[in-house]
Structures are given as structure tokens and as C-alpha cells.
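Written out below as C-alpha cells is the structure these notes cover.
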Amino acid sequence: MKKKTPPIDLNSIPLSELKQYLADFGEKPYRATQVYGWLHQKRVSSLEEMTNLSKSLRRRLEETYPLTVLKPVEIQQSKLDGTRKYLFALPDGNVVESVFMKYQHGNSVCISSQVGCRMGCKFCASTIGGLVRGLRPSEMLEQVYRIEEDTGEKISNVVVMGIGEPLDNYDNLLTFIRMLSDENGMHLSQRSITVSTCGIVPRIHQLADEKIPLTLALSLHAPTQEKRLALMPAASSYRLDRVLDACDYYFAKTGRRVTYEYSLIRGFNDAKEDAQGLGKLLNGKNCHVNLIPVNPVEERPYVQPKEAVALEFKNQLEKYKINVTIRRGMGRDINGACGQLRKSYI
Ligand code: SAH
């Protein structure tokens, strides 16, 4: 008889569900808490290491639910600031990127949410080969766990800004966030998690209604619908005014200040008029703007503005009483745009 593919892997199962699965095996709830602790606190990479479980239970688990373990196939270390970029292999042979960054306020990890992406943003390297599939909760958790293990450093912030559109993998993303913040696992504060989206309006509403106090980052990149559409095909379905309304709704529901990301592209969206347009658009909102000088991607014609132009853009925005930062180029020596490491590997 052909073995059925299991619907889920062991380390993608939240604790409450694990209790039910183990009850089906005739196990008490505390067993599930033990297994969960092995997976999400001790972070073992095999069931053999779960030494306080009976051999028969271990075997039964092994036969029913596979364990997902990520293996780094390449690690790049910056000589400038300790940034480390990881290329992880997934069990099916696909690869994704993650980045470890050291900041004054703590260590941060940027993770991928999908293999590839179908959003088609013109300046982004991750979308060039299209979408392969969404990541499982375990595959998102593993990026964080394996980086903590490799660096020996505690991670205090997780940003979902790597390869993929997190809100296009909504259910797995939510399970991941709940598991990451579970007190029986890593127990990371939900306030220390940031999710970045190109603006999938219905999903932003849905996320707002979950009332999870995470930070929403919205990829804006242009002050008008027309210009935004020229960069981001998703803007044809989700128009600028509706995206901004969804962000207002997010703030109203969660009380969390929204971050707007704006990639500065020389000669396209970096003029004084663009800054003024953006200022008028965001005027009066309790928000934060993160200006990101565009990372050059080989296949794309986009170029960063000169530093003075970026500073002038920031000054213009500040006239509208908007909180603005220019993203510090972390790991500049290894910092190809996100998605490029995977692409060169393929
Ligand atoms: N899909 C999500 C998250 C992934 S990208 C989103 O769209 O937000 C994280 C951020 O990096 C986004 O704001 C994205 O627009 C931006 N980005 C992608 N490629 C870039 C590049 N080459 N230079 C600068 N920013 C880029």
C-alpha cells in the first residue's frame, strides 16, 4: 500500500492541536507539551533526541508526521557590521534566504515567507522566477531557530521581509506568528514581529481583525496610483486609496503605528514633488516612513539616488511632521538585493 503523504509536519503543529493529535494516540496532554518543548525550545533535529518519550511513541510520531529541518547551504558574513546572510535548503530541495542583523536595540532576523513570489514588483529580485510555493510554519520557524543556533545570539526581533509576500501565505503566516510567540516555545513578543506587505487589502483587514499587536509595514514606493502601478502590478487590484484606508483600519483596530516603506529610485520617485505628494498623503497619520535607497538588481535598470537627494527627500517629508528614517545599509559588502543569493544559486 502506498504511504499517504501526511497533511502536516510535526513542527508546524500548534500546541493546542498537538494535544489533540497525541490524544488520538492515547497520550495525555502533558506529553504534547513535552514534545512541543523539544521542538520549539530545545529545537532538536531528530525524534531520537526526545529522550523522555517512549520508543514506541517516537516511532509512531516519526511514521505519522515528518520533522522539517532546514540546512544552511551558504552563509555570507559581512566584514563591516556582523550581518550574516543565509541560504537555507528546504526538505524538498528549494532554497530561501534569511538575514541576521545586529542593532543597538538587539538582534534582528529577516525571514522569507514563500519560495519565490507572484507579486511581480519591478525592482525586486525575488519575483523574477515567479512563485513556487508558500512556506510551512515550520519552515519559517526553522529560519529563526537555526540562525539563533548558528550565531549563539538571542534574537529579539523577527521581520517577515525576505522572499515572498507573507499575506499571500496567510494561514501559515498566522500559525507561524502564534507559534513563535507561544510561551511553550520561543515566546517572542508579538510586538517584536514585523510583517511587510505589498498591500493585499482584504488580508490587511483580516489581519487587523485578529488584533495581534505586530507591526505592519506597507510597501508604498510611490505617492500616486499611476506611479505605484508602474512599479507594482498588485496595485491594479489594490488601488492606492484602498491600501491607505486598509492601513488606517489596521491602526484603528490594533493601535499599532504603521510603517510605510519607500524605495528611492533615481529619477523616478525621488523628486521634491514626490516627497511633497507623499507628505500630503500621509499628513496627520500616526506612522513611520522608512526610505530605502533601491538595491540594484542586475536585470533591472533602477539606480539609487545620491545621498544628498535622499537626505533632501527626508527633509521635505519632515516638513509634514512625518517620522522618517533612511534605512542604514546593513552588510553593504554582502548586501545584494534580497532574492539575489537564491537566484544565483539556482
Ligand atoms: N512582499 C513583501 C515583503 C518582501 S520585500 C512586500 O512587498 O512588502 C521587503 C521590502 O523590500 C518591500 O518593501 C519591497 O518592496 C522592498 N524591496 C524589494 N526589492 C528591493 C530592492 N531591490 N531595493 C529596495 N527595496 C526592495
Side-chain angles (χ1 to χ4, degrees), residues 85 96-99 101 108-131 134-135 140 143 158-170 172-173 176 193-201 203-204 207 214-222 227-235 237-238 240 243 246-247 250 258-266 268-270 278 287-305 310 313 325-332 334-344:
K85 199 159 184 175
V96 290
E97 285 172 39
S98 330
V99 188
M101 288 160 288
S108 185
V109 161
C110 172
I111 66 152
S112 296
S113 56
Q114 297 183 311
V115 180
C117 183
R118 60 182 177 132
M119 296 300 141
C121 297
K122 296 281 197 293
F123 46 81
C124 180
S126 304
T127 200
I128 289 171
L131 174 69
L135 295 189
M140 292 184 251
Q143 296 174 59
V158 170
V159 298
V160 190
M161 280 192 191
I163 297 170
E165 167 50 49
L167 300 191
D168 190 35
N169 186 20
Y170 188 86
N172 285 341
L173 176 80
F176 159 72
I193 302 171
T194 299
V195 172
S196 177
T197 177
C198 66
I200 305 193
V201 169
R203 296 302 191 187
I204 295 175
L207 186 64
L214 50 79
T215 299
L216 182 71
L218 189 282
S219 299
L220 196 55
H221 304 324
K227 266 199 179 180
R228 192 163 184 267
L229 185 58
L231 291 176
M232 305 173 72
S237 309
Y238 308 116
L240 180 60
V243 168
C247 290
Y250 189 86
V258 174
T259 294
Y260 292 95
E261 293 160 280
Y262 191 102
S263 289
L264 283 168
I265 301 171
R266 187 187 293 190
F268 179 77
N269 64 1
D270 63 345
L278 186 63
C287 67
H288 176 90
V289 173
N290 202 355
L291 299 173
I292 317 162
V294 73
N295 257 313
V297 174
E298 212 180 296
E299 291 82 350
R300 306 293 192 226
Y302 305 114
V303 179
Q304 294 186 353
F313 196 94
T325 47
I326 301 179
R327 185 178 291 175
R328 193 154 66 91
M330 297 292 283
R332 240 163 302 143
I334 55 167
N335 197 19
C338 178
Q340 295 203 120
L341 187 57
R342 171 173 172 259
K343 210 160 51 61
S344 65

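Values below: all heavy atoms of this structure, side chains included; hydrogens, waters and symmetry mates excluded. Atoms within a ligand are numbered from 1 in the order they appear, just like the ligands themselves.
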Subject >> Residue pair S196 / E261, side-chain donor-acceptor N/O under 3.5 Å >> reply: yes
Subject >> Sub-4.0 Å heavy-atom approach of H221 to ligand 1 >> reply: yes
**OP:** Provide the full list of salt bridge (charged side-chain N to carboxylate O under 4.0 Å, His left out) pairs with a residue in residues 111-122, sequence neighbours left out, each pair given once.
**Re:** R118-D168
Original post:
Could you give the distance from CD (Q114) to CG (L135), rounded to the nearest 0.5 Å?
Top reply: 7.5 Å
Subject >> ring-ring contact (aromatic ring centres under 6.0 Å, His included) against Y260, all qualifying residues, sequence neighbours excluded >> reply: none
Subject >> Under-4.0 Å heavy-atom contact with ligand 1, by part of E165 that carries it >> reply: both
Subject >> From CD1 (I193) to CD1 (I111), nearest 0.5 Å >> reply: 9.0 Å
**OP:** Could you list which atoms of ligand 1 come closer than 4.0 Å to a heavy atom of C124?
**Re:** 18 (C), 19 (N)
**OP:** Tell me, please: is S263 in heavy-atom contact with ligand 1, that is, under 4.0 Å?
**Re:** yes
Subject >> Atoms in ligand 1 with a heavy atom of C198 nearer than 4.0 Å >> reply: 6 (C), 7 (O), 8 (O)
Original post:
What atoms of ligand 1 come within less than 4.0 Å of a heavy atom belonging to E261?
Top reply: 10 (C), 12 (C), 13 (O)
**OP:** Assess G162 for proximity to ligand 1: is some non-hydrogen atom of it under 4.0 Å away?
**Re:** yes
Original post:
Does even one non-hydrogen atom of C117 get within less than 4.0 Å of ligand 1?
Top reply: no
Original post:
G164 heavy atoms, cut-off 4.0 Å: which ligand 1 atoms fall inside?
Top reply: 1 (N), 2 (C), 3 (C), 4 (C)
Original post:
Any idea how Y302 and F123 line up, ring-wise: parallel (<30°), tilted (30 to 60°), or perpendicular (>60°)?
Top reply: perpendicular
**OP:** Pick one of side chain, backbone, both or neither for how V297 approaches ligand 1, counting any non-hydrogen atom pair under 4.0 Å.
**Re:** side chain
Subject >> Backbone N/O of S113 and side chain of N169: donor-acceptor pair under 3.5 Å >> reply: yes
